[in-house]
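Read the structure below first, then the notes.
In what follows, chains carry the letters A, B, and so on, assigned in the order in which the sequence lines appear, proteins first and then strands, with residues in each chain numbered from 1. None of the values given here were measured: they were computed from a predicted structure.
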2 protein chains.
Amino acid sequence: MDVRRLDLLRELAERGSVTAVAEATGRTPSAVSQQLKVLEREAGAPLTERSGRGIVLTSAGHALARSAADVAIALARADAVWDEFRNDASGEVTLLTFPTIGATMLPAVLSELRQVPGLVVRATDFDPELAEFAELTADYDIVLAHTMPGVLPWGGRGLRVVPLLTEPLDIGLPATHRLAGRSHLTASDLVEETWLGVPPGFPFERILHAIEQQGGRRVEIAQRFSDMRIVEAFIQAGFGVAFVPRYTSGALPPDLVLKPLRGVPSARQIVALVRPDVAERLAVRTVLDVLVAKAAELGAGTGAGAGAGAGAGAGAAAS
Amino acid sequence: MDVRRLDLLRELAERGSVTAVAEATGRTPSAVSQQLKVLEREAGAPLTERSGRGIVLTSAGHALARSAADVAIALARADAVWDEFRNDASGEVTLLTFPTIGATMLPAVLSELRQVPGLVVRATDFDPELAEFAELTADYDIVLAHTMPGVLPWGGRGLRVVPLLTEPLDIGLPATHRLAGRSHLTASDLVEETWLGVPPGFPFERILHAIEQQGGRRVEIAQRFSDMRIVEAFIQAGFGVAFVPRYTSGALPPDLVLKPLRGVPSARQIVALVRPDVAERLAVRTVLDVLVAKAAELGAGTGAGAGAGAGAGAGAAAS
DNA sequence: ACTGAGGATGTAGCATCGCTACATGGATGT
DNA sequence: ACATCCATGTAGCGATGCTACATCCTCAGT
């Protein structure tokens, strides 16, 4: 049972096609196919079977791929222990962020990480639909994701989920709005309003549904944007009200006010998603630690607590 | 960090010399040396340093070797999971036994294991001194060892210790002996006797010291044998008394009687020693399970309990 | 039904890598 | 001083894993 071959099987389980594995590992599909064939011969049982144009893993294949993941973890841990021993957190860590947190928290995180010699963080932004977050861990070491509390559609995949922040979602209003003087708002205040929503499939939607349910009627959604900057601009311009995350919106324009929502739990959970094997890498854990710490600062600044285990070392976070 | 190279380092940590690793892995010393050199280059720090004719691991080398052991465990576990999946416990398991248990328990164990298709057990006997047991795990998958309760000189090495049996050590007397009618004996009964001992360094010695201490004088040791057959023959012939293990002596000659000792704890602990990585192998675990079960039968037959966790699956035993 | 695209898998050849065989050099013990 | 033991260099060979190219199969679109 060669490790490199097992690793290929693990990749196949994650990516689903020989071609994808080949691309991801910088080989030709032929090479991957050959190695899988050898592995199959060594294992003594069929691991894949054809399905339409592609292939799928047999149950035996899945079983073996699971073990392969454990091996990958052990191997990554060995690397990590070694890097710790040498106190060397160098290496490249790829990170995918969604826009809001990328704008507010990431600069501080990266500037702190610049202190670590040899550590290179490559960050990119992208605002995927909820379901896609997990898939992206195949291509990025750390994926920052946001979702509603209690809704964790990943995790079944064996991903490590590091909680960063539980962030309240306030209601953004123009300073001139009739509700702008209130200390807080309720569902019934808001069902009359025109809303700026998010594209279908994005996390915020559920809360709006809760408001509709409690307010007793459907709200009108005038526009749908995923980019907060645009939303803020539209709020200012009087096109409607919208959810605005309390901490990660950065400096708000003076004519835009945030009001907490009462009676409807409105918060988003911000987490980092990491594949368990890459979570072992010292460089990755270093980045995660700083993320957790900075997120805690952000949350502590206004009183609301961060997710959990801030500063406790992300390596110890549950799966 | 290549796994094969890490494995070589692990072997080096265990065996202590390049030549020994080369022999054990069926290569030339040159090949081993080259691979270690490459590993060192990859790791970026010296792993070994010369010491006289040979080499020793640096502290960095030890650290990495420890991780290498973890990787080996994960890899062996992957194999085991796979074998379980296929319900295939085939493979060769080498086993080293000391004489008494080899004569009484092993035949039953091996005949039961003959039922398992593809499983080949190669057993050898050898009665090493206490300290050597651990070293032998480098060359044998399972090493049956005996020691006094509480004395576990191994374990620090990271070996898995599977308890099989706690066996009382009775006093063997000729049927014609003045003490042969007693239901049990005490230290003071025995200090007057001429003894048949074991060679220095063998486990039984400590109990004899305890008897001397409680009896208030030194006993006379006429002969020293490690082989129980010889001891029994000498007891019969009236040369002295000796410790005789209660369960593992097989069919005793009619003119030899066993009397329990009171007041001095006299028992030996029989355990199986296994390297943690080979302990993961399904074939090895299968053999261990049968060993544990048969040992429990042996102990239960006369009322005294076996060590612990009989039949609970040896894989779960503590390290 | 025909055709093109996408995906897996064979075949031949080539480069890399890990091994052996042999030689070298330092440390040890007689 | 010499023989011995052990680690380590060097040259060369063979296995192994890759690429390039070709083939086959399935699905989708016209």
Parallel, tilted or perpendicular: ring planes of B:F133 versus B:F98, cut at 30 and 60 degrees
perpendicular

What string of B, S and - do you get for nucleotides 22-30 of chain D, 5' to 3', if B is base contact, S is sugar-phosphate-only contact and - is no contact with any protein heavy atom under 4.0 Å?
----BB---

Footprint string (nucleotides 14-22 of chain C, 5' to 3'): B base within contact, S backbone only, - free, heavy atoms under 4.0 Å:
----SBBB-

Grab the [atom1]-[atom2] distance between [X] and [N] for me, whole Å please.
| X | N | atom1 | atom2 | result |
| --- | --- | --- | --- | --- |
| A:L47 | C:dA8 | CG | P | 15 Å |
| A:I55 | C:dG6 | CD1 | C1' | 14 Å |
| A:L39 | C:dA8 | CG | P | 16 Å |
| B:L12 | D:dA7 | CG | C1' | 11 Å |
| B:L36 | D:dG9 | CG | C1' | 14 Å |
| B:E49 | C:dG26 | CD | P | 18 Å |

Within the structure, does a side-chain N or O atom of A:K37 lie under 4.0 Å from either OP1 or OP2 of C:dG10?
yes

Let me have the donor-acceptor pairs involving side chains of residues 32-39 of chain B, under 3.5 Å, with sequence neighbours excluded, atom names and distances please.
from  : atom 1 : to    : atom 2 : distance (Å)
B:Q34 : NE2    : B:S30 : OG     : 3.1
B:Q35 : OE1    : B:R5  : NH1    : 2.7

Within the side chain of A:R86, is there an N or O that forms a donor-acceptor pair under 3.5 Å with the backbone of B:A43?
yes

What residues, two or more places apart in sequence or in another chain, satisfy side chain to side chain donor-acceptor pair (under 3.5 Å) together with A:H209?
A:E212

Please determine if B:R15 and B:D139 form a salt bridge, counting it only when a charged side-chain N lies under 4.0 Å from a carboxylate O.
yes

Applying side-chain hydrogen bond (donor to acceptor under 3.5 Å, both in side chains) as the test, list every pair that has at least one member in residues 50-71 of chain A; sequence neighbours left out.
none

Does the side chain of B:L95 reach to within under 4.5 Å of the side chain of B:L106, using non-hydrogen atoms?
yes

By salt bridge (Lys or Arg N to Asp or Glu O under 4.0 Å), A:R114 pairs with (sequence neighbours left out) none

